[in-house]
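The next block holds one structure in the form of structure tokens; read it before the comments.
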Amino acid sequence: MEGQRSLDQLFDELLIQRKIFNNKEVLRDHYTPSLLPHRDRQIDELATILVSVVKGETPSNIFIYGKTGTGKTAVTIHVGEALVRKVGGCCYIRPYGTKLEIKRPEIPIPVWFIYTNCEIVDTQYRLLAKLAEYMGQSVPLTGWPTDKVYESFVRALDKEERLVIVVLDEIDRLLKKGSDSVLYNLTRINSDLKRAKVSIIGISNDLNFVEFLDPRVRSSLGEEELVFPPYYAQQLVDILSHRAEEAFFDNALDLGVIPLCAAFAAQEHGDARRALDFLRIAGEIAERDRASRVTEKHVRIAKNRIEQDRVTEVIKTFPTQSKFVLFAILLLEKYNASAITTGETYNVYKELCRQSKMDILTQRRVSDIISEMDMMGIVNATVVSKGRYGRTKEIRLGVPISQVKNVLEKHHKIERISNFVPPIQRKLI
DNA sequence: TGTCCACTGGAAGGGAGGGCTT
DNA sequence: AAGCCCTCCCTTCCAGTGGACA
């Protein structure tokens with residue numbers, strides 16, 4: 001009898017659980033919704049520029065700015081896909097994924113809409129190889145001279161009459177990797193083509209990116225510019241409400257949940273992607289708690305967890321040398337060094353390497369590693385001048401010391417030296 | 001006002017590792 | 001197998017710098 005009752009309870013609980021998510025996928029990053037609230041103007045503008053395709057003209061190159069999670073990618077894909085459906089042609093939307101082919105014999109020039117994310121395809125060679133692959137030309141991962149890859153891309157592209165719209169998402173990555181010459185080539189590619197035509201849509205969340213471009217690329221890429229402003233809290237509420245209708249069962253959310261997710265995300269420069277993460281994770285936590293509804297408490301837990309997971313994941317993937325540099329900073333912070341500078345970090349780092357019998361990198365390289373960690377938000381490094389005592393970076397951990405410690409000490413080499421005490425000046429207070 | 005510190009950060013290049021062509 | 005090419009991680013070299021101090 002006892003057993004039967006508990007099984008009964010379990011079923012009750014499991015049934016309650018089902019009352020939270022209806023379709024979780026709707027809240028994920030890669031989901032392109034059918035409706036994009038508060039982006040009508042941008043959709044309009046983009047469609048207006050691209051519509052010249054239908055008239056057989058090459059649309060201008062377009063440059064799209066806006067911070068992360070402002071709908072740049074979603075809008076671009078949305079409009080691109082709709083265009084292909086309307087005009088006929090071919091659509092490659094995801095980096096390695098889905099191809100959509102629409103045949104419309106009455107339209108003479110088909111449109112190819114190709115989406116690439118330059119965070120993944122981040123060098124000149126890889127980008128050209130990827131584009132060539134979309135054109136049905138396979139190129140080895142490495143080995144060919146770049147100009148040969150370019151040529152084979154151009155040849156494959158020019159096989160038939162078509163208009164190819166190449167979307168380069170996170171285009172700033174190419175510049176950071178010093179691969180911007182590919183942009184120069186791509187913006188001038190039409191002069192190498194007889195039958196096909198290419199137009200480029202560059203997407204970036206770095207507003208300063210354009211300043212560092214070759215002026216010729218800048219003027220060509222920026223023929224049309226579109227700006228995506230951040231969403232404010234009320235707009236985020238609309239977006240979340242719209243998605244939540246599909247993602248959750250009725251009454252699965254407390255009233256305050258969506259406004260709280262929106263408010264948190266609005267604090268982080270109106271990032272809709274982040275807002276959706278808050279909502280999804282909060283739902284998952286509620287589900288695991290076997291709660292009947294998602295509450296504000298779940299959202300707060302979700303917010304902390306997202307931040308912690310990000311930090312843990314980033315540190316875990318550091319190479320050993322970067323982990324040692326970070327461990328040196330951690331020790332200096334732990335033992336209250338008066339000010340953590342590059343020089344001081346380097347001294348502790350060297351000692352840690354000696355104890356672990358590791359190769360010691362140069363200070364120049366360590367300085368770069370510190371800058372990289374600063375970019376990722378793991379540490380905060382500011383260049384300060386101490387007058388007569390030189391110029392250096394002043395470094396602080398950007399995340400809780402205990403969290404960094406937990407992740408680092410899982411590394412076997414660091415675990416062995418975890419009791420090391422650095423010889424440093426102590427703070428007076 | 002000039003000096004000088006402790007670096008910063010750009011540039012060039014080496015070499016290991018991956019993979020291609022001939 | 002030899003000769004290339006590309007990428008990544010790193011070193012070496014060095015000009016440049018903000019501001020305390022003499």
Side-chain angles (χ1 to χ4, degrees), chain A residues 95 116-133 137-156 170 172-186 206 208-209 211-214 314-315 317-326 328-329 332 337-354 356-376 379-396 411 413 422-425:
Chain A
T116 347
N117 190 320
C118 303
E119 192 183 3
I120 304 157
V121 186
D122 61 352
T123 64
Q124 160 154 242
Y125 185 99
R126 281 183 206 151
L127 178 58
L128 290 172
K130 193 81 218 162
L131 295 176
E133 192 188 306
Q137 171 76 46
S138 78
V139 172
L141 285 170
T142 150
W144 284 9
T146 309
D147 53 345
K148 187 176 170 185
V149 184
Y150 177 78
E151 264 173 44
S152 85
F153 166 56
V154 169
R155 223 177 306 120
E170 310 205 33
D172 42 306
R173 292 289 168 146
L174 292 176
L175 197 76
K176 280 185 190 137
K177 282 267 183 159
S179 316
D180 49 324
S181 55
V182 71
L183 293 178
Y184 180 69
N185 289 330
L186 282 179
D206 181 359
N208 301 319
F209 157 72
E211 287 170 31
F212 299 101
L213 278 178
D214 182 312
V314 167
I315 298 175
T317 55
F318 276 170
T320 307
Q321 291 287 4
S322 304
K323 283 185 177 147
F324 269 64
V325 174
L326 183 59
I329 296 169
L332 286 164
S338 47
I340 308 175
T341 62
T342 307
E344 219 172 333
T345 304
Y346 188 61
N347 289 336
V348 177
Y349 158 81
K350 272 194 295 191
E351 196 44 48
L352 292 172
C353 286
R354 272 188 214 109
S356 304
K357 301 193 169 54
M358 293 239 310
D359 289 345
I360 300 172
L361 300 179
T362 55
Q363 183 160 337
R364 176 71 188 83
R365 177 68 193 129
V366 168
S367 173
D368 273 348
I369 290 175
I370 293 169
S371 301
E372 285 160 20
M373 293 197 287
D374 179 39
M375 292 242 298
M376 290 183 242
V379 302
N380 297 318
T382 348
V383 177
V384 290
S385 180
K386 296 172 180 291
R388 191 150 177 36
Y389 306 102
R391 228 158 81 93
T392 181
K393 285 194 188 91
E394 237 174 51
I395 307 155
R396 294 250 79 108
H411 191 282
K413 281 191 172 159
I424 49 168
Q425 278 188 318

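Throughout, protein chains are lettered first and strands after them, A, B, ... in sequence-line order, and every chain is numbered starting at 1. What you see is a predicted model; the values in this text were computed from it and never measured. Scope of the values below: all heavy atoms of this structure, side chains included, with no hydrogens, waters or symmetry mates.
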Is any side-chain heavy atom of [Y] closer than 4.5 Å to one of [X]?
| X | Y | answer |
| --- | --- | --- |
| A/Phe324 | A/Lys413 | yes |
| A/Lys393 | A/Ser371 | yes |
| A/Leu332 | A/Ile395 | no |
| A/Met376 | A/Phe318 | yes |
| A/Val139 | A/Phe153 | no |

ask   = So, for A/Thr146 and A/Leu128, which heavy atoms are closest and what is the spacing to 0.1 Å?
value = CG2-CD1, 3.9 Å
Closest heavy-atom pair and its distance - A/Asp374, A/Ala381 =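 The answer is OD1-N, 3.2 Å.
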Return the polar atom pairs (N/O with N/O) between nucleotides 12-14 of chain C and the protein under 3.5 Å, or none.
none

To the nearest angstrom, how far is [X] atom [atom1] from [N] atom [atom2]?
| X | N | atom1 | atom2 | answer |
| --- | --- | --- | --- | --- |
| A/Asp368 | B/dC7 | CG | C1' | 13 Å |
| A/Leu128 | C/dC6 | CG | P | 11 Å |
| A/Tyr150 | C/dC6 | OH | P | 16 Å |
| A/Arg391 | C/dG19 | CZ | C1' | 10 Å |
| A/Asp374 | B/dG9 | CG | C1' | 14 Å |
| A/Glu394 | C/dG19 | CD | C1' | 14 Å |
| A/Asn347 | B/dA6 | CG | C1' | 12 Å |
| A/Tyr125 | B/dG17 | OH | C1' | 15 Å |

task = May I ask you to decide whether A/Arg126 forms a salt bridge with A/Glu133, counting only side-chain N to carboxylate O separations under 4.0 Å?
result = no
key: Listed partners of A/Arg155 passing side chain to side chain donor-acceptor pair (under 3.5 Å), at least two apart   = none
inquiry  = Tell me which residues in residues 319-326 of chain A lie within less than 4.0 Å of DNA chain B, going by non-hydrogen atoms.
reply    =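 Correct list: empty, so none.
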Can you pull every protein N or O that's under 3.5 Å from an N or O on nucleotides 20-22 of chain B?
| unit_1 | atom_1 | unit_2 | atom_2 | d |
| --- | --- | --- | --- | --- |
| B/dC20 | O3' | A/Trp144 | NE1 | 2.9 |
| B/dT21 | OP1 | A/Trp144 | NE1 | 3.2 |

task = Have a look at A/Ile369 and say if it touches a base, only the backbone sugar-phosphate, or nothing, with a 4.0 Å heavy-atom cut-off.
result = nothing
task = In sequence, state the C-alpha distance, the side-chain angles, and the governing distance for A/Thr392 and A/Lys386, and then conclude on side chain to side chain donor-acceptor pair (under 3.5 Å).
result = CA-CA 8 Å; A/Thr392 181; A/Lys386 296 172 180 291; over 6 Å; no
key: Any A/Lys393 side-chain nitrogen or oxygen under 4.0 Å from OP1 or OP2 of B/dC7   =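 Indeed not, no polar side-chain atom of A/Lys393 lies that close.
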inquiry  = Whether A/Thr342 contacts B/dT8 is assessed here as follows: a side-chain N or O lying under 4.0 Å from the phosphate OP1 or OP2. Is that the case?
reply    =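 Indeed, a polar side-chain atom of A/Thr342 lies that close.
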message = Once salt bridge (Lys or Arg N to Asp or Glu O under 4.0 Å) is applied, do any residues pair with A/Arg388, and if so which ones, sequence neighbours excluded?
response = none
request  = Give the nucleotide from the list C/dC8, B/dA6, B/dG9 with an atom nearest to the side chain of A/Thr392.
outcome  =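 Taking heavy atoms from C-beta onward, the closest nucleotide is B/dA6.
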Evaluation steps, salt bridge (Lys or Arg N to Asp or Glu O under 4.0 Å), between A/Arg354 and A/Glu351 = CA-CA 5 Å; A/Arg354 272 188 214 109; A/Glu351 196 44 48; 2.9 Å; yes
query = Does the A/Ser152 side chain pair with the main chain of A/Val149, one donor and one acceptor, at a distance under 3.5 Å?
reply =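 Yes; judged by distance alone, with no hydrogens or angles, the pair exists.
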inquiry  = Determine whether a donor-acceptor pair (N or O, by modelled atom type, separation under 3.5 Å) exists between the side chain of A/Gln321 and the backbone of A/Met358.
reply    = no
Quick one: which protein N/O atoms are closer than 3.5 Å to N/O atoms of nucleotides 20-22 of chain C? Pair and distance per line, please.
| unit_1 | atom_1 | unit_2 | atom_2 | d |
| --- | --- | --- | --- | --- |
| C/dA20 | O4' | A/Arg388 | N | 3.1 |

